[in-house]
Amino acid sequence: MSRSRYDVLVVGSGPAGSTAALELARGGASVAVVDKAAFPRDKACGDVVGPRGLQVLRELGIPEPCGRHVSDVLVVGPTGRRARLPSGEGLTYPGHGIAVTRVDFDAMLHDAATDAGAAALRDRAEHPLWDGSRLDGYRLHGGSEVRADFVIGADGATSIVARAAGLVDARRVLWGFAVRAYVPGTVDLPAIIFWEPTPWQAFPGYGWVFPGAAGGANVGLGLATLSDRTAGARATRALPGFFEHLRRLGLGVEPSVASAGRPLGGWLKMGMVGTTPARGQALLVGDAAGLINPLQGEGIAQALGSGRLAAAAILGRGGHAADQYRSALAADHLPFHQLAAALQAATVGRPRAVAAIARILLRLGRVDALAGGWSVFWNELLAGAPPNTHRAVARALTWVGRVSSARTSTATWFDGLPRDSSDAFTQDSGSVRSAVQA
Ligand SMILES: Cc1cc2nc3c(=O)[nH]c(=O)nc-3n(C[C@H](O)[C@H](O)[C@H](O)COP(=O)(O)OP(=O)(O)OC[C@H]3O[C@@H](n4cnc5c(N)ncnc54)[C@H](O)[C@@H]3O)c2cc1C
């Protein structure tokens, strides 16, 4: 049995893990990144990297991936009414996203990490290894033991690192499940579709039709299930009915069960609620930390950003990596996620109310200032938005959302999160900077 020791073990080499490994290796840390899949590998996704994700890539000095530019988004209501949400360039982010397959995108990031010096291990992390009460590494399926000063859980929504480190309160997590399929067609604008399988009974999520990276379309359907992971299968069961609905909408695709091949599904862990992002020597990034936007399902940008923040916290001079990481993550995401998670928790299980909200939003979405503000708000683009009416509207929506959700049990869950080094959760989690510099 082989045994090895690194400064940092990263479990999972999706966007979050590869970014963390890349930054750690660039910073001089010895880092191993283990993934059960061989790259290139597929992953269920709408395949759109949003403006904030492209901003992180720029900051990392990684060239924008080849793919199709996407900008404005069409929102289609249950009655077929449409609104176009404009996208605009921010002070810090571009005015577009990119449609790129996860096969290509994730392989590019994985290669960037290994080129920077991260050791890539193809294996499944299975059994946590402990040094007293400290998570010290993993025994892999193949039998080797990898130990490290820090363990980063980048192993996706159903993270075993999060579970082993006791960082998940399963009763509070907001789960979603979504399926996607590639189908023929020509898509001009990415579309998000609110659907009612029965009139005035909204589907508890939404569907999408996105342009394929190299032609065709990526279509899918996702739903929110609160903490109930048995309810996810409904997305797969509902897909044929949703395809039928799409055939009537005239969005440039006419999907059928036959043309869709074998749809691929995956879990989404949303809104940060229920997951403590770091404690001691264990840090969670990307979906493992529950960073998916609860309003529109985006998670790649947050995965890239959190991977970077976790690496910076570990490499930082001050020690207390877990504290630094939690604070940085809270500064970037907590204000939005706290209210977005509460909004989602309040609407799941209320199909009539959601049907009414969808109809109202579609009416409001025809007013340009409101459509632009809605776009900034729900895409979590307020920080870095240029001073204009869209930002003013997004600010107003944020304020209303915060005030109306402040006392919900979802919003108040965050009050219990450890925030500084004096709290009971925190052990001195140190830094690898001194070792790197020695
Ligand atoms: C259907 C669907 C559509 C989506 N569409 C979009 C979209 O269009 N845009 C967007 O921004 N987001 C989208 N998301 C969310 C997005 O896919 C995730 O937020 C993103 O993949 C998170 O990246 P990650 O690195 O945290 O995790 P992942 O990409 O899930 O990577 C986790 C990695 O960990 C590895 N792993 C897991 N367990 C182990 C183990 N025990 N040992 C070793 N390796 C392990 C896996 O093989 C995997 O490579 C979508 C999600 C779904 C399900």
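One-based numbering along the sequence shown. Remember, it's 1-based here, ligands and their atoms both numbered in the order they're listed.
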Answer yes or no: does atom [atom1] of [X] have more than 12 heavy-atom neighbours from other residues, nucleotides or ligands under 6.0 Å?
X	atom1	value
R395	CZ	no
R124	CZ	no
H69	NE2	yes

Using heavy atoms and a threshold below 4.0 Å, how should the contact between [X] and ligand 1 be classified: side chain, backbone, both, or neither?
X	answer
A16	both
L268	side chain
K43	side chain

Please list, chain by chain and in numerical order, all residues satisfying salt bridge (Lys or Arg N to Asp or Glu O under 4.0 Å) with R139, sequence neighbours excluded.
E145
Report the nearest protein non-hydrogen atom to [atom]: residue, atom name, distance rounded to 0.1 Å.
atom	answer
atom 40 (C) of ligand 1	A125 N, 3.8 Å
atom 14 (N) of ligand 1	G297 O, 3.6 Å
atom 44 (N) of ligand 1	K36 N, 3.1 Å
atom 21 (O) of ligand 1	R102 NH2, 2.8 Å
atom 48 (C) of ligand 1	D35 OD2, 3.4 Å
atom 12 (N) of ligand 1	G299 N, 3.1 Å
atom 6 (C) of ligand 1	C45 SG, 3.3 Å
atom 22 (C) of ligand 1	D287 OD1, 3.1 Å

Contact with ligand 1 for R41, non-hydrogen, under 4.0 angstrom
yes
At a 4.0 Å threshold, what atoms of ligand 1 neighbour a non-hydrogen atom of [X]?
X	result
I160	41 (N)
A154	32 (C), 33 (C), 34 (O)
I292	15 (C), 19 (O)
G286	26 (O)
G156	27 (O), 30 (O), 32 (C)
G266	53 (C)
D123	43 (C)
G12	33 (C), 34 (O), 35 (C)

Between [X] and [Y], is there a donor-acceptor pair closer than 3.5 Å when you use the side chain of the first and the backbone of the second?
X	Y	result
S144	L140	no
S87	G95	yes
S71	H96	no
Y138	V11	no

Selected option - heavy-atom contact closest to atom 23 (O) of ligand 1, from G153, A288, P15, G307
P15
Quick test of your reading of the structure: of A44, G17, A178, whose heavy atom lies closest to atom 51 (C) of ligand 1?
A44
With a 4.0 Å cut-off, would you call R68 and D47 a salt bridge?
no
Only pairs under 3.5 Å count here: list side-chain donor-acceptor contacts from residues 242-253, not counting sequence neighbours, and write none if there are none.
from: R247; atom 1: NH1; to: P255; atom 2: O; distance (Å): 2.7

A37 N/O under 3.5 Å from ligand 1 N/O:
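No, since none of the N or O atoms of A37 sits under 3.5 Å from an N or O of ligand 1.
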Will you find, in the side chains of [X] and [Y], an N or O donor that is under 3.5 Å from an N or O acceptor?
X	Y	value
N379	Q296	yes
S405	T408	no
N218	W208	yes

Look at the rings of Y206 and W378 and say which category their plane angle falls in: under 30° parallel, 30 to 60° tilted, over 60° perpendicular.
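The rings of Y206 and W378 sit tilted, inter-plane angle from 30° to 60°.
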